[in-house]
Structure formats: structure tokens, C-alpha cells
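Read through the structure below, which is laid out as C-alpha cells, and then see the notes.
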Number of protein chains: 2
Amino acid sequence: MDLTERKKKILRAIIENYIQTAEPVGSKVIAATPGLNVSSATIRNEMADLEALGLLEQPHTSAGRIPSPGGYRVYVNELMEDYRLSVQETRKLNEALHLKMRELDQVIDQAGRVISQLTQYPAFALASGSSRVTIQRFDLLMVSSDSFIIVVMTDTNVVRNRLVRLPSDLSEAQLQLLNTLLNTTFTGLTLDEITPELMRVASHAAGEAYGLISLVVSFAMDVLESLEQRRVHTAGITSLLSHPEYRSLDRAAPLMSYLSEDQDAARFPMPQGDPMEILIGPENVADALKDTSVVVASYDIGDGMRGVIGVVGPTRMDYAKITARLSYFAAGLSRLFEQGSLPPAEETEK
Amino acid sequence: MDLTERKKKILRAIIENYIQTAEPVGSKVIAATPGLNVSSATIRNEMADLEALGLLEQPHTSAGRIPSPGGYRVYVNELMEDYRLSVQETRKLNEALHLKMRELDQVIDQAGRVISQLTQYPAFALASGSSRVTIQRFDLLMVSSDSFIIVVMTDTNVVRNRLVRLPSDLSEAQLQLLNTLLNTTFTGLTLDEITPELMRVASHAAGEAYGLISLVVSFAMDVLESLEQRRVHTAGITSLLSHPEYRSLDRAAPLMSYLSEDQDAARFPMPQGDPMEILIGPENVADALKDTSVVVASYDIGDGMRGVIGVVGPTRMDYAKITARLSYFAAGLSRLFEQGSLPPAEETEK
DNA sequence: TTTTAGCACTCATTCTCCCTGAGTGCTAAT
DNA sequence: ATTAGCACTCAGGGAGAATGAGTGCTAAAA
């Protein structure tokens with residue numbers, strides 16, 4: 001977008017003012033911005049030009065101007081200055097990164113909560129699983145004569161377990177046999193490579209323990225399935241209400257219910273190439289997000305998985321601040337995951 | 001509360017009408033209820049009596065009456081008829097109970113979501129852990145020369161695991177030694193019986209592997225801690241907005257933020273003796289709940305744990321319907337947990 | 001040619017005033 | 001003890017009227 005220096009200055013001043021106040025901004029206040037020594041009449045003329053370019057809008061004839069989605073786009077791409085996180089902010093973000101977090105799911109969930117609380121906007125978070133996960137190893141741990149623990153580990157280093165109780169007894173030897181059979185037959189297979197036929201053959205080979213094979217394998221399949229299916233966690237939906245554009249229920253309710261509707265990852269934008277992406281108003285595909293903005297960042301979980309974390313808010317969003325916080329946090333998460341599949345216990349502060 | 005038959009009839013009619021309409025109810029509509037052949041003037045006299053008894057209130061002089069919290073109390077205790085679940089409702093509830101659920105935390109969370117969706121009110125769910133959990137057994141599974149899996153099982157039959165990577169190598173024999181040491185020294189101990197001293201002694205006995213002891217034990221402590229710390233899951237907060245009393249943000253926002261504030265179990269009422277409890281308006285201790293009602297049910301998880309599930313809504317709540325659904329669902333959860341610490345995979349429909 | 005002062009005009013917002021109607025309490029008759 | 005009738009109350013809603021922020025345009029100044 002080719003604009004004169006003065007037009008840029010004015011556009012930026014309008015947008016930043018509007019971001020702060022949420023009120024249409026008039027020529028008078030802009031004329032008062034330092035470094036811009038022109039009268040309000042001149043500003044009015046410039047504003048009319050900017051409106052003709054599609055960068056500003058007028059809610060009604062006798063109101064000031066508000067930025068259009070296109071205006072925000074120009075602002076985000078060209079005008080916005082990097083926001084420098086304050087010491088307090090970085091401290092808060094760092095604290096959040098040192099939370100004791102256990103399972104991957106919990107980390108994702110927690111990260112969403114934290115970023116929502118820190119930005120005062122609703123947040124969503126998800127991990128996009130690599131879709132070709134396989135089981136790498138099975139372990140069966142005898143607990144008593146009628147119960148044992150199944151432990152499976154995937155090639156992405158996720159470990160899951162389940163305690164099983166049986167109606168009948170079982171010997172250590174049987175369990176050993178079963179264990180060997182599982183590890184030779186069912187490792188390295190993706191979910192749809194585990195066919196009913198394979199199950200039948202294996203059950204046959206298992207002899208007495210034929211019923212257990214299906215028990216263990218169906219648990220393994222559950223695990224694989226749960227890793228492929230991406231679930232979105234949302235947090236802080238009610239923080240919408242603190243922003244003036246959502247003071248009216250008619251505006252807030254549809255968005256809120258969209259965000260809390262159950263959890264299909266496809267409904268949320270994903271960063272395409274860049275690690276951070278900003279989607280302004282109508283740039284969003286989902287209808288319910290057409291007049292909101294979404295800022296998403298992705299981070300590396302390792303083992304072929306990526307995490308995505310984003311916030312949703314009105315198009316009048318403090319893009320500079322939000323992107324700064326989000327990218328710092330996402331980078332922190334990446335670092336966190338770098339050192340082992342999950343932060344080891346020692347990492348948490350003493 | 002000692003009331004004449006006619007007063008009871010009138011009170012009940014008023015409350016049930018108000019539950020449906022959310023509008024103050026006048027003497028005329030009540031006079032029209034079948035089986036009550038008196039004029040509106042008579043009703044007015046009776047209403048004045050009921051108001052004097054503290055069972056009804058008048059929002060302003062020229063409006064109808066609405067039930068007071070005390071009125072609801074009488075209704076719930078004496079007047080309310082059992083609501084019979086329809087076939088559709090039971091089918092829906094049963095379906096929900098057959099969901100594939102994996103870990104305890106997920107079951108709780110899911111149960112809350114389901115009951116919120118089914119009742120159209122916000123729901124909360126939590127498991128109150130028995131506070132004296134101990135580790136019953138440790139297993140260490142060698143994955144490669146520099147990584148292994150820790151599996152711990154508590155005396156309440158909860159199994160948790162973690163994958164650990166090490167900077168240095170480790171032999172199978174060392175791991176065996178470690179395993180034995182852990183099982184002889186750290187089983188059967190509650191969180192605060194695991195003292196630093198004990199850790200020192202054990203580290204010493206572990207020889208080369210002294211660093212690993214603390215690694216494993218601190219994981220075990222994390223597990224014990226996570227089981228004791230009760231986290232509440234809330235769901236469906238936005239469904240509040242569909243009820244007329246929360247059409248205005250001033251009323252909805254404080255409650256919504258109370259419900260989404262982070263998750264200290266103490267903030268929610270717990271059933272005291274009975275498996276089901278109803279708390280009406282000011283009967284709630286929390287200020288934010290002073291003009292809402294809460295219905296809670298508890299169910300048995302087994303292994304010394306109880307689950308609690310409840311819904312929050314306006315005092316004008318369809319108590320009959322809600323209690324029927326909630327108790328049915330809670331009973332279903334109890335049954336679910338009866339057969340093994342978690343529903344085995346075969347239970348899910350094919 | 002660009003900028004500015006001035007002025008008429010627009011329109012959302014807010015306030016006031018008034019009307020309407022549902023519902024009550026009281027009194028007198030049944 | 002019940003009921004018909006009547007005067008009274010009061011929230012809610014709609015119709016102006018006043019307010020004021022902000023605009024576009026024109027004509028003069030730089």
C-alpha cells in the first residue's frame with residue numbers, strides 16, 4: 001500500500017487511538033497528536049482519502065472514523081512497531097512456562113489458560129498429531145493373579161497405561177508369552193494396518209490367552225486413535241465480556257457459543273507457513289469469526305508434532321502486544337519441549 | 001411448614017408457573033388452575049398470607065408474586081413431585097454413559113460436559129481423592145541405553161507413567177537394582193512420609209544410580225500430589241446466557257467469571273450426607289452463588305474416592321427435572337466404576 | 001496548490017414525559 | 001368465608017426534544 005508519510009502517520013494514529021478507546025476517532029484528537037502540525041480540517045481531508053482507499057470506515061455520517069479490516073492489515077504489515085515486553089511481563093510469562101505440567105494434554109490445556117489470562121482474550125490450544133503413529137513397544141506388568149498393567153509406548157515417545165482386571169486367573173508365564181507375541185506382531189503398525197484378520201491370526205497363536213490379545217490391542221488402538229484425533233482446548237471465553245464490543249449479548253453470545261461448541265480442531269485457523277499468523281476479520285473462513293481477529297502461533301513439540309496456540313478477540317486488538325506475548329510464549333514452549341518429550345521434574349523451580 | 005391444603009396447592013401452582021415462565025405470576029392465572037375453584041380475590045388473600053410467611057415475594061407493588069428462596073425450599077422438600085424421565089431422556093443419558101473415556105480426569109471432565117449439555121446449565125465436576133494415597137509398586141522399563149519408563153501404581157489402583165531421558169548411559173542391571181530399592185523403600189508411604197532424610201539414605205544405598213532415585217521419587221511425589229489436589233472441571237458456562245435471568249450482562253458476568261475462575265474445589269458446595277443435595281440461593285456460602293441454586297450429586301468411584309457432579313442455575317430452576325437427571329446420571333457413573341477402576345474397553349459399544 | 005477557519009448539517013444518544021396495562025389491596029355485598 | 005368491584009400503583013414502552021460530537025464544503029489565507 002503506497003501512502004504518503006503523512007497519511008501513514010494519520011492512519012497509525014487513528015488505529016492506535018481506536019485500539020485504546022474502542023470509540024470512533026475524530027479529526028480533532030488526531031490533529032492534536034504530537035509531530036503532526038496540521039489542523040483538523042486537513043486531517044478531515046486526509047481521512048476522506050483514507051476512507052476512499054478502504055482503510056477507514058464511518059459507522060454513520062456524524063461519527064468519527066474506525067479502521068476497516070484492510071486498515072488493520074496495513075497497520076499490521078507496515079505500520080506497527082514491535083512491542084517491547086516489560087520486565088514484569090517476561091517474568092510472568094516465564095513463571096507460566098515453569099508450571100509443573102505433566103501429560104501433553106495437560107500442558108496444552110494449561111498453556112491455553114495461561115495465555116488467555118495473560119492476554120485477556122479467549123485462547124485456544126491444540127497439538128496437531130503426526131497422523132502416522134505406531135506402537136513401538138508393549139509391556140505387561142503383573143499386579144496380582146487377576147490383574148495386570150498394560151504399558152504401551154509409541155514411536156513418538158508417548159507412553160500410556162491401563163490397569164486391567166480379569167474374571168479368571170492368569171500366570172506369569174502366560175503374560176510373558178502374550179508380551180512377546182504383542183511385541184513381535186503389533187509393533188510398528190499404524191491404526192489402519194491393525195486389521196481384524198491380523199487380530200484373528202494373533203488370537204489363534206495366543207492359545208489360552210486369546211481373549212487378552214484383543215483386550216490389549218484394542219487399548220493400543222484407543223491410544224493411537226486418541227493421538228491422531230486432535231482436540232482443541234479453549235479457555236477464558238468469558239474474558240470476552242470485559243471488552244466493550246461484547247458488552248451486548250447479541251454480539252457476545254454467538255461467538256461464545258462458537259468457541260465453546262465442542263471441540264473440532266478444524267474450526268480454528270492454523271498458521272500456514274510462518275510460525276505466527278494474524279487473521280483479521282473477514283480473512284477468517286469461519287462465519288462466526290468474520291468480525292473477530294485471530295492471532296495464532298505454533299511451536300515445536302518434537303517427535304513430529306506441532307503445537308498451536310492462539311487467541312481470539314475483536315478486530316480492534318492490540319496486535320503489537322498480543323503478537324509479542326504470544327510469540328515469546330510459543331518460543332518458550334518450543335524450548336521447553338526441546339529437552340525431552342516433556343519437561344523433566346528438575347526443571348521446575350525449587 | 002404447616003400449610004392448609006389449599007395454600008400448598010396455590011404455592012405449588014405459583015412456583016411451577018414461575019419456573020416455566022420466569023415472569024411474576026398473578027392471581028388471575030392461578031385462579032384458572034384446574035382443581036382450584038376459587039376466585040382471583042381469594043387467591044389474592046391467600047397470596048398475601050404466603051407472602052407474610054416468607055414464601056413469596058413481590059418485585060414491586062403492582063406485579064405478581066415470585067417464590068422466595070424459602071418458598072423453593074418448601075417446594076423442594078414437600079411439594080415437588082418426582083419427575084419421570086422420558087424414554088428419550090434415559091436413552092440420551094445412557095448414551096452419554098457409554099462414551100469411550102480413558103483416564104479418570106477425562107471421565108470427570110466429560111461427565112461435566114455431558115450433564116451441562118443435558119440440563120442446559122453450567123456444570124462442575126470433581127473427584128475428591130482419598131487423601132492418604134500411597135505408591136504400591138514401581139516398575140522401571142528400559143527403553144534404550146539412555147532412556148527408560150517409570151510406571152507407578154498407587155494403592156488406589158491409579159497407574160501413571162513417565163518417559164525419562166538421561167544424559168548418561170545406564171545398564172539393565174543398574175535399573176534392576178534401582179527398581180528393587182524403590183519397591184522396598186518407597187512403597188506404602190504417603191506424601192509426607194517421604195522425607196528428605198529417607199531420600200538421602202536411599203540415594204546412598206543406590207550407589208552409582210543415586211541421581212536416579214530422586215528423579216523417580218519426585219515423579220512419584222508428583223503423582224501423589226496430583227491425586228490429592230482436587231481440581232474442578234467446569235463446563236457449559238455459556239449456557240447461562242440462554243436463561244432470561246442472565247440476559248443482562250450485569251447479572252451474568254459476575255457468575256460466569258466466578259465459575260471460570262481457576263479451579264479450587266473448595267469454592268463449590270459438596271453433598272454432606274445424602275448422595276444428592278439442593279442448595280437454594282442464600283443457602284450457598286459463596287457470595288457469588290447467593291442468588292443461584294446448586295444441585296449436587298455424588299457417586300462412588302471406588303478405591304476410596306467419591307466423584308461429585310453438580311449444576312448451577314437460577315433459583316428458578318426446574319428442580320424436579322434436574323434432580324431426576326442428575327441422580328440417574330450419578331447412579332450410572334457409580335455403576336460404571338463398579339466394574340473395575342475404569343470402564344474396560346469391551347464396555348464401549350461396537 | 002495546499003492549508004485552514006468557519007458554518008451548516010447529520011445523527012446517535014440521552015432525557016423527559018406520558019400512556020398503557022397488569023396486578024394489587026380494600027371494601028361492601030353475597 | 002368468598003367474591004365482585006373499584007381505586008391505586010408502577011414497570012415498560014414510545015414519542016418527542018435537547019445535546020453534542022463530528023462531518024463536508026466553501027472561501028479565504030499561506
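Labels below follow one simple rule: chain letters A, B, ... track the order of the sequence lines, proteins then strands, and each chain is numbered from 1. None of these values were measured; they are calculated from a predicted model.
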- For the pair B/R12 and B/E81, find out whether any cationic side-chain nitrogen is under 4.0 Å from an anionic carboxylate oxygen. yes
- Task: With a 4.0 Å heavy-atom cut-off, tell me which residues in residues 241-255 of chain A come close to DNA chain C, sorted by residue number.
- Result: none
- Message: So, using side-chain hydrogen bond (donor to acceptor under 3.5 Å, both in side chains) as the criterion, who are the partners of B/S248 when residues are at least two apart?
- Response: none
- Task: Kindly indicate, with the supporting measurements, whether the criterion salt bridge (charged side-chain N to carboxylate O under 4.0 Å, His left out) is fulfilled by A/E283 and A/R73.
- Result: CA-CA 10 Å; A/E283 295 170 11; A/R73 184 84 269 168; 2.5 Å; yes
- Task: Measure the CD-OG1 distance between B/E46 and B/T4 for me, rounded to the nearest 0.5 Å.
- Result: 5.5 Å
- Query: Within this structure, what is the CD-to-C1' distance between B/E23 and C/dG21, rounded to whole angstrom?
  - Reply: 14 Å
- Find out whether B/Y83 and B/T323 are in side-chain contact, i.e. whether some heavy atom of one side chain is under 4.5 Å from a heavy atom of the other. no
- Query: When every nucleotide of nucleotides 13-30 of chain D is labelled 5' to 3' by its protein contacts under 4.0 Å (heavy atoms), B for base, S for sugar-phosphate only, - for none, what sequence of letters results?
  - Reply: --------BSBBB-----
- Here the distance between atom C1' of D/dT2 and atom CG of B/D49, to the nearest Å, is 14 Å
- Could you state the CZ-P distance from A/R6 to C/dT1, rounded to the nearest angstrom? 16 Å
- Does a sphere of radius 6.0 Å around CG in A/D82 hold more than 12 heavy atoms from other residues, nucleotides or ligands, not counting ones at 6.0 Å or beyond? no
- Do A/N45 and A/D49 come close enough that some side-chain heavy atom pair is under 4.5 Å? no
- Please state how far atom CD1 in A/I43 lies from atom C1' in C/dG6, giving the value in whole angstrom units. 18 Å
- Message: Tell me whether the side-chain N/O atoms of B/S39 come closer than 4.0 Å to OP1 or OP2 in D/dT2.
- Response: no
- Task: Indicate yes or no: at least one non-hydrogen side-chain atom of A/F124 is less than 4.5 angstrom from one of A/V311.
- Result: no
